[in-house]
Protein chains: 2
Amino acid sequence: MGRGGRERNGQTGARALDVAALAGVSTATVSRAFNAPEKVAPEIREKVLKAAAELGWMPHPAGAALASRRTWLAGVLIPTLDNDVFASQVGALQTRLSADGVTVLIGCSNYDADQAANQVRTMLARGVEALAVVGESHRPGLFETIAARGVPYVVTYSHRPGSPHPSVGFDNAAAFRRIARHLLDLGHRDFALIHQPSIDNDRVVARIEGLRAALAEEGMALRPQHVREGPASITFGRQSLRSIMEAAGPRPTAVVCGNDALAIGALIEARALGMSVPEELSITGFDDVAMAEQTDPPLTTMRVDNAEIGRQAADYLLACLAGRPPPPPPPLESRLILRASTGAPARTA
Amino acid sequence: MGRGGRERNGQTGARALDVAALAGVSTATVSRAFNAPEKVAPEIREKVLKAAAELGWMPHPAGAALASRRTWLAGVLIPTLDNDVFASQVGALQTRLSADGVTVLIGCSNYDADQAANQVRTMLARGVEALAVVGESHRPGLFETIAARGVPYVVTYSHRPGSPHPSVGFDNAAAFRRIARHLLDLGHRDFALIHQPSIDNDRVVARIEGLRAALAEEGMALRPQHVREGPASITFGRQSLRSIMEAAGPRPTAVVCGNDALAIGALIEARALGMSVPEELSITGFDDVAMAEQTDPPLTTMRVDNAEIGRQAADYLLACLAGRPPPPPPPLESRLILRASTGAPARTA
DNA sequence: AAGTGCTATGTAAGCGCTTACATTCTGATC
DNA sequence: GATCAGAATGTAAGCGCTTACATAGCACTT
């Protein structure tokens, strides 16, 4: 793009010195009137503010940042905004940070590790003072780069026991183990799994492992033809359920889905195939989106408070910025919401 | 929050001068090696890069911004990220701007005009060089403030004929007129409207006006008991449909909804009330979310390419930043997607 | 009347970088 | 061999602000 050089930069041309002159004070007082009003006598403050308004002046960000060594900028790196889950995290994070005067800079990786690294580099080059990053499977050295600049960061969405990073999120493996437990307790012995792409996505990997581990404890395993990986869409959920049901061999009685969109797709397709849920087939989702309680039957799913992740991440970073030693955040609770899409399998009933 | 003062700012402590010394060149060459590599002899560039890597140095954003008068920051103001529509706009905007090295700063107004004004003020104070703002009904002077700083901006989501602002969006009034036309052509004469809060929301106001105007042309009007305003949720859609159907007087045969969530709610409630769609009741949405084609019956709705809004807004701002006189963007097309939730009313059939 | 402790303001030294301009050097041209 | 254009590098002047420190002014004490 045009590297512009010394082009018009937007300031009205007025500087602190001009405001100072107009108000009959020094630049120090002008600065104080804006940044520490309580240190300036009310009437002088008035004069300064009026002068500034008259000239349309506002402290120049770069000058202020250079002199104060504060940018009041924080960054958030997420895979994409096209997913409610991340959008609401960012929304909550932004709201919280903004209350403390910190503005949020956003970077999307599109689930690509190189893009993630680039976005982080760019955000650092823009002067972020803190960073929230989704997941911990990133290019080696990414977190070191961040830390080397003295920028506090927090990992979101995963809370893997033993992770070296401060993280705000829930234990994905445990959450899926919980889902498996629920289905096992109902008597299911044949499972299928429909999940989103797992590459560079530690959350998804952890979920799959949680499920497999729970099954393994019962001496069970997923048949390869009963595992589908693809885009986290309703459409892929439908396709997947169909191909699972058309596969040779015994049919599963329970389909575990990586998120609600996939589960809703599976639900729709089950109906299209004439299968009754949960009598013939149990289906579970993950996230508990608004639609989940409106489906027919309503969807059994795992509720995760994404906004809370954003809020806690913001609080953690804010504490770091304030120089307060922040306590390591505990894992968030995810809660199994039992609705009507799961039940005992017909054969064992 | 802690106003920190001269605290550790994250830089490793190394400055351009240190890198220059280590590489045996001047600071000018260091700067050029990073910002205009083609102007530096390859071997010297190598030396500089190696020295920088060794010291963990990277140009300090504030110093660079101050000297170059470029921040490479752009801002986007939206009501909330909790709405797919805005989230995908921001996503697309970010992707496009990031390709040109511009980082996106985000501000949410939560549909509140004061917060909107504050967020814009803050983003200006952080040095944004361009701004995308949803809608044009804002505190008086907001756009003047932006323009006074010489910051190019663009309004998104509305494309009101006669608006003084450059805008990227579609004509909301025309879009709803189009929906009304469709239903009128099918023979409907009794309409209901379920819509989201209209305060400070010119898009919603325009849509309502478009519908009313289309009806007025046929000498028709909405009965007050057939108009419901509230949160844009499935739940409110359900509640609203029920109260409309329970209201005294003749029932409407067509329910126009402000977005798909409301329409999906209405659809669900219609089914719960035992009404068949579209035989007894036609329902329309707006946005064409993924779920819209999966409902039963699939939803007739208006498709708007929100990502395209983000892309075009980004392109417009980029052109401004490059100093190229940007052409006034034409209105985007919205397209009526005819599905099975609308049909001829029973009475007139 | 001199001393004391505040508070409000001013002075001036940078913050770390970019870039216009000056300088040096190279190789080609006359 | 002198001249010159052009490329690569260096010099140094800011960019606009904040803030440590110095100073002045004031209301009290003693």
Side-chain angles (χ1 to χ4, degrees), chain A residues 3-21 23-48 52 55-72 124-127 129 149, chain B residues 3-21 23-48 52 55-72 124-127 129 149:
Chain A
R3 287 218 61 272
R6 295 242 181 231
E7 39 185 56
R8 169 149 191 56
N9 87 327
Q11 286 294 95
T12 9
R15 287 153 319 163
L17 193 63
D18 304 314
V19 176
V25 299
S26 71
T27 58
T29 299
V30 171
S31 174
R32 282 190 285 254
F34 274 76
N35 303 315
E38 75 285 359
K39 294 189 171 176
V40 177
E43 58 189 85
I44 301 229
R45 192 191 312 153
E46 278 310 303
K47 265 200 300 195
V48 172
L55 296 172
W57 182 86
M58 165 186 282
H60 183 108
L66 187 55
S68 68
R69 292 137 165 280
R70 293 288 267 127
T71 60
W72 300 95
L124 288 172
R126 300 287 174 268
E129 302 179 313
R149 313 214 88 66
Chain B
R3 289 220 61 274
R6 295 242 180 230
E7 38 185 58
R8 168 150 192 58
N9 86 329
Q11 286 296 98
T12 7
R15 288 153 317 161
L17 192 63
D18 304 314
V19 176
V25 299
S26 71
T27 58
T29 299
V30 172
S31 174
R32 281 189 287 252
F34 273 77
N35 303 315
E38 75 285 358
K39 291 190 175 176
V40 177
E43 58 188 86
I44 300 227
R45 193 192 310 153
E46 278 311 302
K47 266 201 300 198
V48 172
L55 296 172
W57 181 86
M58 167 186 277
H60 183 106
L66 187 53
S68 69
R69 291 137 166 280
R70 294 288 266 128
T71 59
W72 301 95
L124 288 173
R126 298 290 173 265
E129 303 178 313
R149 314 214 89 66

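Proteins get letters first, then strands, A, B, ... in listed order; numbering begins at 1 in each. Bear in mind that the values here come from a model prediction, so they are computed numbers and not experimental data.
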**Q** For the pair made of CG in B:L17 and C1' in D:dT11, what is the distance, rounded to whole Å?
**A**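 Whole-Å distance recorded here is 13 Å.
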**Q** Please find the pair of heavy atoms, one from A:F34 and one from A:A52, that lie closest to each other, and give the distance.
**A**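 Closest approach of A:F34 to A:A52, heavy atoms only: CZ-CB, 3.7 Å.
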**Q** Distance check needed: C:dT19 P versus B:L66 CG, whole Å only.
**A**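 Atom-to-atom, B:L66 to C:dT19, this comes out as 12 Å.
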**Q** Side chains of B:V40 and B:V48: does their closest heavy-atom pair fall under 4.5 Å?
**A**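 Not in contact.
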**Q** For DNA chain C, find the residues of residues 38-46 of chain A with a heavy-atom distance under 4.0 Å and give them by number; none if there aren't any.
**A** A:V40, A:A41, A:I44
**Q** Decide if atom CD of B:E38 counts as having more than 12 heavy atoms of other residues, nucleotides or ligands within a radius under 6.0 Å.
**A**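 Yes, the 6.0 Å shell around CD holds more than 12 heavy atoms from other groups.
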**Q** Report the nucleotide, chosen from D:dT18, C:dT9, C:dT18, that has the shortest atom-to-atom distance to any side-chain atom of A:R32.
**A** C:dT9
**Q** Heavy atoms from C-beta onward define the side chain here; which of C:dG14, C:dG10, D:dG14 lies closest to that of A:S26?
**A** C:dG10
**Q** What is the minimum heavy-atom distance between B:A62 and A:A65, and which atoms define it?
**A**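 Closest heavy-atom pair between B:A62 and A:A65: CB-CB, 3.7 Å.
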**Q** So, does B:R69 get its side chain near the phosphate of C:dC17, meaning an N or O under 4.0 Å from OP1 or OP2?
**A** no
**Q** Taking for each residue the nucleotide of DNA chain C bearing the nearest heavy atom, is the 5' side occupied by B:V30 or by A:G24?
**A** A:G24
**Q** Report the distance from atom NE2 of A:H60 to atom C1' of C:dT18, rounded to the nearest whole Å.
**A**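 These atoms are roughly 13 Å apart.
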**Q** Hey, are the side chains of B:H60 and B:R15 touching, using non-hydrogen atoms and a 4.5 Å cut-off?
**A** no
**Q** What is the distance, rounded to the nearest whole Å, between atom CZ of B:R15 and atom P of C:dC15?
**A** 7 Å
**Q** Please answer whether the main-chain N or O of A:G56 pairs with a side-chain N or O of B:R149 as donor and acceptor at a distance below 3.5 Å.
**A**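 Confirmed, B:R149 side chain pairs with A:G56 backbone.
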**Q** Would you compute the distance between atom NZ of B:K39 and atom OG of B:S31 and round it to the nearest 0.5 angstrom?
**A**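 Reported value, rounded in 0.5 Å steps: 10.0 Å.
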**Q** Rounding to a whole Å, what distance do you find between A:L55:CG and D:dG16:P?
**A** 14 Å
**Q** Quick one: A:N35 CG to D:dT18 P, roughly how many Å, whole number?
**A**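 The distance from CG of A:N35 to P of D:dT18 comes to 5 Å, rounded to the nearest Å.
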**Q** For a quick test of reading the model: is some side-chain N or O of A:T29 closer than 4.0 Å to OP1 or OP2 of C:dG10?
**A** yes
**Q** Can you tell me if the side-chain N/O atoms of B:S31 get under 4.0 Å from OP1 or OP2 in C:dT18?
**A**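 Affirmative; the distance criterion is met.
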**Q** If I take atom CZ from residue A:R69 and atom CD from residue A:E129, how far apart are they, to the nearest 0.5 angstrom?
**A** 12.0 Å
**Q** Between C:dG14, C:dC17, C:dA12, spot the one nearest the side chain of A:A28, thanks.
**A**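 The nucleotide sitting nearest to the side chain is C:dA12.
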**Q** So if I take every side-chain heavy atom of B:T27 and compare against C:dA12, C:dT18, C:dC17, which nucleotide ends up nearest?
**A** C:dT18
**Q** Where is the tightest heavy-atom contact between B:P61 and A:L124, given as atom of each residue plus distance?
**A**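 Taking every non-hydrogen atom into account, CG-O, 3.9 Å.
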**Q** How bent is the helix from C:dA1-D:dT30 to C:dC30-D:dG1, measuring the angle between the end axes built from five pairs each, rounded to 10°?
**A** 50°
